[in-house]
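Scope of the values below: all heavy atoms of this structure, side chains included, with no hydrogens, waters or symmetry mates.
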Amino acid sequence: MKKIFFRSMLLLLAVSVFLGCSPKEDQSQNSGKSMPKTEGAHYPVTITTYNYAGEPVDLTFEKAPEKVAAFYQSPIETMLALGLSDKLILAVGLDDPVKDEFKEAFSKVDYRDKRPEKEEIIDMEPDFIFAWSSLFGEKRYGDVKFWHDRGTKTYIWQNSGLKKEDALENEYQDILNIGKIFNVEDKAQEIVDKMKTEIAAAKKHVEGKTKVKAIIIEVEKEGQYRVYGERTIGGQIAMQVGADLVGKDKKGIGKEELIELNPDVIFTVYFGDYIEKDQSIEMLTKDNALQSIAALQNKKVFPINLSEVYASGIRTYDGIKTIISGLYPDL
């Protein structure tokens with residue numbers, strides 16, 4: 001009996017080997033869970049980016065970049081949010097401190113406030129430069145072709161001056177593209193889905209209700225305001241969550257026009273040392289000429305960081321939350 005049992009077990013083992021799977025492997029394959037792609041299965045990947053003139057450039061990545069130089073807020077924080085701090089050999093030019101959840105990882109990165117000379121970057125031999133379009137001007141680091149010819153790939157943040165319209169969809173796409181380049185697509189998709197979920201919830205909340213009249217402005221000088229309209233990230237967020245974005249087709253307005261628009265809610269943009277957070281509010285609330293505006297009468301003037309509404313990257317989520325909370329405090 002023992003011999004028969006032993007021969008039977010050998011036969012079962014041979015069949016399993018012939019079929020190329022063990023019972024455990026077969027169970028995992030049928031569990032419905034997607035397994036992460038290996039490096040070999042993921043690459044090569046081709047991404048469309050741009051040159052300084054705004055013309056599309058297709059780049060093929062055979063593997064994930066290993067030596068990355070990232071410039072400015074959204075590229076730096078996107079790398080951190082995707083868990084790629086170990087790839088950063090240099091980070092330059094933050095407008096705001098990195099978010100609290102990234103500070104520990106960022107403390108190990110070579111960060112500089114001022115942009116190094118082009119020659120120093122060449123000596124660092126990065127295989128990837130991730131930046132805003134302004135970096136590749138003639139008086140800075142030169143167009144992307146110079147770097148591509150040296151074997152250094154580039155990626156330009158789309159809403160950093162490349163196009164006439166800053167589209168919210170571009171923010172999503174840039175995060176997803178970086179996820180694809182570094183084979184962390186699931187994490188990138190999770191970040192984008194979180195943003196879209198917030199917008200969808202707010203939109204549903206206000207269905208059938210009277211729209212709130214809102215405007216997003218930046219005080220340029222006494223009595224002159226830059227408007228973040230329908231061709232800006234902030235304006236598109238406001239419209240997508242159901243606001244009536246007044247002055248949406250304008251780039252700038254004066255006091256009289258702001259009074260005439262009479263928004264229920266005003267979001268006022270602040271950034272760096274140029275316009276501080278409290279100052280951005282006081283320049284409106286302490287202006288006697290504006291006191292008839294509904295937003296001022298009802299104390300509905302809210303500060304919003306420039307990093308949340310311009311080339312915003314992962315801070316797009318913060319911009320969405322800021323705008324939703326200002327429009328719909330009950331939500």
#### Entry: Heavy atoms from other residues, nucleotides or ligands near CG of D330 exceed 12 (cutoff 6.0 Å)
yes

### Query
Parallel under 30°, tilted from 30 to 60°, perpendicular over 60°: which one fits the rings of Y72 and W132?
tilted

### Query
Only one of L245, I217, I293, V212 forms a side-chain contact (heavy atoms from CB on, under 4.5 Å) with P263, so which one is it?
I293

### Message
In the structure I gave you, are the side-chain heavy atoms of S280 and F271 within less than 4.5 Å of one another anywhere?
### Response
no

### Message
Can you confirm whether more than 12 heavy atoms, excluding those of K251, are under 6.0 Å from its NZ atom?
### Response
no

### Query
Any side-chain heavy atom of I76 sitting closer than 4.5 Å to one from L94?
yes

### Task
Measure the shortest side-chain to side-chain distance between F130 and L84 over non-hydrogen atoms and say whether it is less than 4.5 angstrom.
no

### Query
What do you reckon, is CD of E104 surrounded by more than 12 foreign heavy atoms closer than 6.0 Å?
no

### Summary
Between the CG atom in N159 and the OG atom in S74, the distance rounded to the nearest 0.5 Å is 9.0 Å

### Task
Give a yes or no on this: more than 12 heavy atoms of other residues, nucleotides or ligands lie within 6.0 Å of atom NZ of K213.
yes

#### Entry: Closest heavy-atom pair and its distance - T48, P56
CG2-CB, 3.9 Å

### side chain to side chain contact (heavy atoms under 4.5 Å, CB included) between V45 and N183, worked out
CA-CA 9 Å; V45 296; N183 194 15; over 6 Å; no

### Query
Under 3.5 Å, side chain of E171 to main-chain N/O of S312, donor-acceptor pair present?
yes

### Task
Answer yes or no: is there an ion pair linking R150 with E125, defined by an N-O contact shorter than 4.0 Å?
no

### Summary
In this structure, CE of M283 is separated from CG of L290 (nearest 0.5 Å) by 11.5 Å

### Q158 and E169 side chains, donor-acceptor separation under 3.5 Å
no

### Query
In Å and rounded to the nearest 0.5 Å, what is the CD1 to OG1 distance from I122 to T152?
9.0 Å

### Message
Tell me whether D244 contacts the main-chain N or O of K211 through its side chain, where contact means a donor paired with an acceptor under 3.5 Å.
### Response
no

### Message
Less than 4.5 Å apart, side chain to side chain, heavy atoms only: is that true for V241 and K203?
### Response
no

### Query
Counting heavy atoms not belonging to K139, are there more than 12 under 6.0 Å from its NZ?
no

### Task
Would you mind checking if D100 and K103 are paired as a salt bridge, meaning a charged N to carboxylate O distance below 4.0 Å?
yes

### Query
Does N262 reach the main-chain N or O of A294 with its side chain, forming a donor-acceptor pair under 3.5 Å?
yes

### Message
Once rounded to the nearest 0.5 Å, what's the spacing between atom CD1 of I191 and atom NZ of K187?
### Response
5.5 Å

### Message
Apply side chain to side chain contact (heavy atoms under 4.5 Å, CB included) to residues Y310 and T232 and explain how you reach the verdict.
### Response
CA-CA 8 Å; Y310 175 77; T232 69; over 6 Å; no

#### Entry: Euclidean distance, L82 CG relative to I314 CD1, rounded to 0.5 Å
8.5 Å

#### Entry: Connected via hydrophobic side-chain network under 4.5 Å: L261 and M239
no

### Stepwise side chain to side chain contact (heavy atoms under 4.5 Å, CB included) test for T268 and V301
CA-CA 7 Å; T268 176; V301 179; 4.1 Å; yes

### Query
Does a side-chain heavy-atom distance below 4.5 Å link K118 with Y141?
yes

### Query
Do the side chains of T49 and K153 get nearer than 4.5 Å, heavy atoms only?
no

### Query
Would you say the ring centroid of Y155 lies under 6.0 angstrom from that of F61?
no

### Task
May I ask you to test the D110-I89 pair for a side-chain heavy-atom distance under 4.5 Å?
no

### Message
A quick test of your reading: do over 12 heavy atoms of other residues, nucleotides or ligands sit less than 6.0 Å from NZ of K255?
### Response
yes

### Query
Does a sphere of radius 6.0 Å around NZ in K277 hold more than 12 heavy atoms from other residues, nucleotides or ligands, not counting ones at 6.0 Å or beyond?
no

### Message
Could you check whether any side-chain heavy atom of T197 comes within less than 4.5 Å of a side-chain heavy atom of Y317, counting everything from C-beta outward?
### Response
no

### Task
Taking H42 for its side chain and K180 for its backbone only, find out whether a donor-acceptor pair lies under 3.5 Å.
yes

### Message
Can you tell me how far apart CD (Q73) and CG (D96) are? Round to the nearest 0.5 Å.
### Response
5.0 Å

### Task
Answer with yes or no after comparing the ring centroid distance for F182 and F128 against a 6.0 Å cut-off, counting only values under it.
yes

### Query
Quick check: are there more than 12 heavy atoms from other residues, nucleotides or ligands sitting under 6.0 Å from CD of E282?
yes

### Message
For a side chain to side chain contact (heavy atoms under 4.5 Å, CB included) check, start with the C-alpha distance between W157 and T78, then their side-chain angles and the critical distance, and finish with the verdict.
### Response
CA-CA 11 Å; W157 203 265; T78 298; 3.4 Å; yes

